[in-house]
Structure formats: structure tokens, C-alpha cells
2 protein chains.
Amino acid sequence: MTKKKKVTKNLSTEEKIKASAKKLFTQKGFLATHTREIAEGAGINMAMLNYYFRSKQKLFDIVMKENLFLFLGGMVENIENNPRPFEEHLDYLVSHYIDLLLENPDLPLFVLSLMQSGKLTREYKDDPLFRKIAQWSTSSFKEIQGIMVKEKVKDVHPFHVVANMLSLIIFPFIASTLLMARSGNITRKEFEQQMIKRKKLIPGWIRSIMHGK
Amino acid sequence: MTKKKKVTKNLSTEEKIKASAKKLFTQKGFLATHTREIAEGAGINMAMLNYYFRSKQKLFDIVMKENLFLFLGGMVENIENNPRPFEEHLDYLVSHYIDLLLENPDLPLFVLSLMQSGKLTREYKDDPLFRKIAQWSTSSFKEIQGIMVKEKVKDVHPFHVVANMLSLIIFPFIASTLLMARSGNITRKEFEQQMIKRKKLIPGWIRSIMHGK
DNA sequence: GTCTATAGGGTGATAGAC
DNA sequence: GTCTATCACCCTATAGAC
């Protein structure tokens, strides 16, 4: 009855270990994942893990960095290749995140747990990718502020635009089980279909806040 | 430089242990919290923990149950004492949750981590409090559905009403650090002030979705 | 590169004195 | 009820044969 979904593709041992580790770390976190499980999942011995990665911690760092780059890399690329106002960027942004999260639904909780532990900001604050994202979000925030001043939206702080955008994109994935049960017992497939529909819905909701409608 | 915020109120040893355990479990989860830390936080010895609670697991179960009752208890009471349509309940609901989360900002991530592990539904699915909440949310969902049919909202599934309500309430607390940094570097105090403002804002946003505006 | 066997360290739990 | 000392276990990491 025990699940042993081994990663048995045609990969090098190193890649097999990384694939197994990524899956387990993302699902269970650092502490709850044991090197023995990772080895088992990769179909190799525990000693190989240390041969290739020196330690559990180093393996974790490498896997996490890849996860983060996955999360942010595509976005930065798009920002740099398509310099345009925030509001024109909005549709791409929402769509990109939702696509990413549909494929990696465990990513948000993983990243947020790391963030809460303070580890994330400590270790990656000087990373060029992180700096770019930070820079872009600062300028985007100022843009949002500008729009809201122009539109004379005074009862809603621009903070809520950012808060709502991230909430509406990310939270459903974190609480998918809860939401499926609380919305007429829909299936995983129906859930995913609704997430795809949100790609069109969320930008509208965000715009109506920004323009005070 | 090590923080040692001991729980040094005038409490019985048992209460001291529970207070220390609750704080640590909520912030770091089960595995990352060690019995030695809990004991240190309570200003007592590790052996006392087993004397009062038999094991780390039992202590965790007790503390978790209290956390859940905190999360749900007040709401169930209000639902039972004030039977009224969902939309009239909405303002109370949002307000209650935001007040609760302002005082217990670590609670959501804790509950969601538990939920993801499947432990929560397994252990508490027969709990009367859980059953009441489940029942109430089912009937509320049907009410929302009814309103949206009446208002001829066809391009938005009622799922999104529930999804958005929970997202807008809970997510900002999970990602507070991120949001503060991404919204003009606001302080914790300003963040909390905006959360209080959301008590009035969120019901409006939810209503406009329900009524197709 | 890959394995077996084992070292070394830390964790939860408990025995037993007071 | 509270403490000190210690056990038994499990986990990561590594040594060393192949």
C-alpha cells in the first residue's frame, strides 16, 4: 500500500536525485524530508546523495534556487524584453503566474514557509534576479499610486491593489482543498478550469479597484 | 543575542507549557519545534512536559485543537445565535476573521500546512464544530449561487466568490512581509491599519462580484 | 560511480532521587 | 511536582571496499 513513485526516467543519477528531492522538499519541507526517502525515490543509495551534493542542506539550497528561478525567471525576462506600463503588463503577469502555479501547486506554500523563517530574504537579497524583481515592483507601485491619484481614488490605499492581486492569484492554490470542498464539492479538474478563467477575471477586478469603480 | 521570551506570567506549570508550545508550534510547526525549546520557553524542565502531556505529539494535538477552536469557535457561535442571510453575515464574517488574524498572524500558515498534510481533515472531520462549519458553508454557497442566478451573473462561477473572500481576508497575513516590502516599504503598524480598513473594503468587493458589477 | 557498514550527533522519553 | 542523568532511537554523513 506504500506509494513508491520512483523517478525512473532516463536521467543521470544527479538529475534523478534532484527530481526526487524537489518533489519531496516541495511537498513536505526540509525537516520532514529524509535523505533516505530522497534516495529511495531516486532509486539509488543514500551515499550517492552525499557524493553528488555533499549534504542535505546543499541539495535543498540547489533545488530551492531552481524553484525560485522558475518562479521569477520567466517574469523578469518578460519585464526586460517588454518594457511597458504596469497596466499593460497586468494581463501577462496574472496569466504567467497562474500557468506556473497550475504546474507547481506546491510552490507557494513552500516559498511562503521559507519567507516566514526569514531564510529567503537573508540568503537571496543580493541575488541579481531578486534585485530586479524588487526594483520593478517599486516602480510598479509608484505607477499604481500615480494612476490612483489621477483617478481621484482616495478611500483605497494603493497597498490594496498589490495585496489583492497577489492574494487573488496565489491563495486559491494554497487552499485548493479547502476551496474545492467549500464551493459545491468541485473536482480537481473543475478547480483547474476555474483557475484558467481567473486569468481573464483577476485583471478586471484589479483595474476596477485602481480606477475606483 | 538569543531571544528567550519566556512565558513568565502567573500561570500554572501546565498553562506555561501550553503557552510556550502554542507559540512555537504555530510559528515553526511540529517537526521544527523541539521539546527542549518548549521547556526553555516555559521556564521549566523537559521532563515536566512529559509529566503533564505524556508526549510531544499529545501536547501538539491539544494545542492544535485549541487553535482550531479559536479559529472557528467564535464564528460558529455567531452563526447559531444570529441566523440570517449570507450577505448580512458577510460584514461580521470578514470583520471577525481579520480581528482574529491581527492577533494571531501565524495561524493561517499553520492551519494551511496542516491541511496540506491531510492531517486536519483526517483527525477532525467528525468534530461537531467542523461539521457545523461545513454545513453552514454548504448552505451559504447555495445562497450565493441563488443570488447570482437571480442577478443573471453568468460569466463568473460562484466558486470565485468564495475563493476571493477567503483569499482577500487570509492571504495578506500569510504574505505580510512580502506585501509590506512591495507596497512602498510600509511599517508593521501601517500594515495593520490597512488590514482594519479591509474590514469595510472586502465586503464591497465581494458584493460587486456577486451582483455582477 | 556505486555500494555496505558504521560513526557521530541530536531527539524524545523516562527512571529515580528529592 | 520538579529536577538530573541517561537511555534508546533515528538521522545525516562518511569511510572504505569494489
Side-chain angles (χ1 to χ4, degrees), chain A residues 2-4 6-65 110 113-114 117 119 123, chain B residues 2-4 6-67 110 113-114 117 119 123:
Chain A
T2 48
K3 281 187 196 174
K4 288 195 195 185
K6 285 188 188 179
V7 182
T8 36
K9 301 156 201 166
N10 283 333
L11 298 171
S12 66
T13 305
E14 190 174 336
E15 288 299 324
K16 278 187 215 162
I17 296 172
K18 268 164 66 172
S20 171
K22 180 170 172 167
K23 185 179 158 185
L24 290 164
F25 280 141
T26 310
Q27 281 172 0
K28 318 205 296 174
F30 182 73
L31 283 163
T33 301
H34 304 298
T35 51
R36 283 176 173 81
E37 296 178 79
I38 298 173
E40 192 191 355
I44 51 95
N45 190 280
M46 233 184 65
M48 292 316 297
L49 197 150
N50 283 53
Y51 174 76
Y52 281 104
F53 298 96
R54 258 184 56 93
S55 75
K56 180 188 177 185
Q57 184 65 54
K58 296 234 189 261
L59 174 57
F60 178 79
D61 290 344
I62 286 165
V63 167
M64 190 188 90
K65 193 150 191 172
F110 178 68
S113 300
L114 271 173
S117 74
K119 202 165 182 171
E123 312 239 324
Chain B
T2 48
K3 278 188 196 173
K4 289 195 195 183
K6 286 188 187 178
V7 182
T8 37
K9 299 156 201 164
N10 284 334
L11 298 171
S12 66
T13 304
E14 191 175 336
E15 287 300 325
K16 278 189 218 164
I17 296 172
K18 268 165 67 173
S20 171
K22 181 170 174 170
K23 186 178 156 186
L24 290 164
F25 280 141
T26 312
Q27 281 174 0
K28 318 204 299 174
F30 182 72
L31 283 162
T33 302
H34 304 298
T35 51
R36 284 175 169 81
E37 294 177 79
I38 298 173
E40 193 192 355
I44 51 93
N45 191 281
M46 229 184 71
M48 294 316 297
L49 196 151
N50 284 55
Y51 175 76
Y52 281 104
F53 299 96
R54 258 184 58 93
S55 75
K56 180 189 177 184
Q57 184 65 53
K58 295 231 189 264
L59 174 57
F60 179 80
D61 289 344
I62 287 166
V63 166
M64 192 186 89
K65 194 148 192 173
E66 284 187 9
N67 258 350
F110 177 73
S113 300
L114 270 174
S117 75
K119 202 166 184 172
E123 311 239 323

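By convention in this document, chain letters (A, B, ...) are assigned in the order of the sequence lines, proteins followed by strands, and residues within each chain are numbered from 1. On a predicted model such as this, the values are computed, not experimentally measured, just so you know.
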(message) Both M46(B) and M46(A) contact DNA chain C. Which one's nearest nucleotide lies toward the 5' end?
(response) M46(A)
(request) Using whole Å, report how far CE of M48(A) lies from P of dA5(C). (result) 17 Å
(message) In this structure, how many angstroms lie between the C1' atom of dG12(C) and the CG atom of L49(B), rounded?
(response) 10 Å
(message) For a 4.5 angstrom cut-off between non-hydrogen side-chain atoms, does I38(A) reach L59(A)?
(response) yes
(request) Whole angstrom is fine here: how far is it from CZ in R54(B) over to C1' in dA15(C)? (result) 16 Å
(message) Students often get this wrong, so: under 4.0 angstrom with heavy atoms, is Y51(B) touching a base, only sugar-phosphate, or nothing?
(response) base
(request) For residues K28(B) and T33(B), report the shortest heavy-atom separation together with the two atoms involved. (result) CB-OG1, 3.8 Å
(request) Choose from dG1(C), dT2(D), dC3(D) the nucleotide whose nearest atom is closest to any side-chain atom of Y52(B). (result) dT2(D)
(message) Just N and O in the side chain of T13(A): are any of them under 4.0 Å from OP1 or OP2 of dT2(C)?
(response) yes
(request) Examine dT14(C): is either OP1 or OP2 under 4.0 Å from a nitrogen or oxygen in the side chain of N50(B)? Give yes or no. (result) yes
(message) Tell me whether E15(A) contacts the main-chain N or O of S12(A) through its side chain, where contact means a donor paired with an acceptor under 3.5 Å.
(response) no
(request) Measure the distance from CD1 on I44(A) to P on dT4(C) and round it to the nearest whole Å. (result) 11 Å
(request) Would you kindly give the CD1-to-C1' distance between I17(B) and dG1(D), to the nearest whole Å? (result) 11 Å
(message) Counting only side-chain heavy atoms from C-beta out, which of dT12(D), dG1(C), dT2(D) sits nearest to K56(A)?
(response) dT12(D)
(request) Look at the rings of F30(B) and F25(B) and say which category their plane angle falls in: under 30° parallel, 30 to 60° tilted, over 60° perpendicular. (result) parallel
(request) Take the protein atom CZ of F53(B) and the nucleotide atom P of dT14(C), then report the distance between them rounded to whole Å. (result) 15 Å
(request) Measure from CD on E40(A) to P on dT12(D) and round the result to the nearest Å. (result) 13 Å
(message) Please list, in numerical order, the residues of residues 26-38 of chain A that have a heavy atom closer than 4.0 Å to any atom of DNA chain C.
(response) none
(message) Tell me whether the count of non-hydrogen atoms from other residues, nucleotides or ligands lying under 6.0 Å of NZ in K58(B) goes above 12.
(response) no
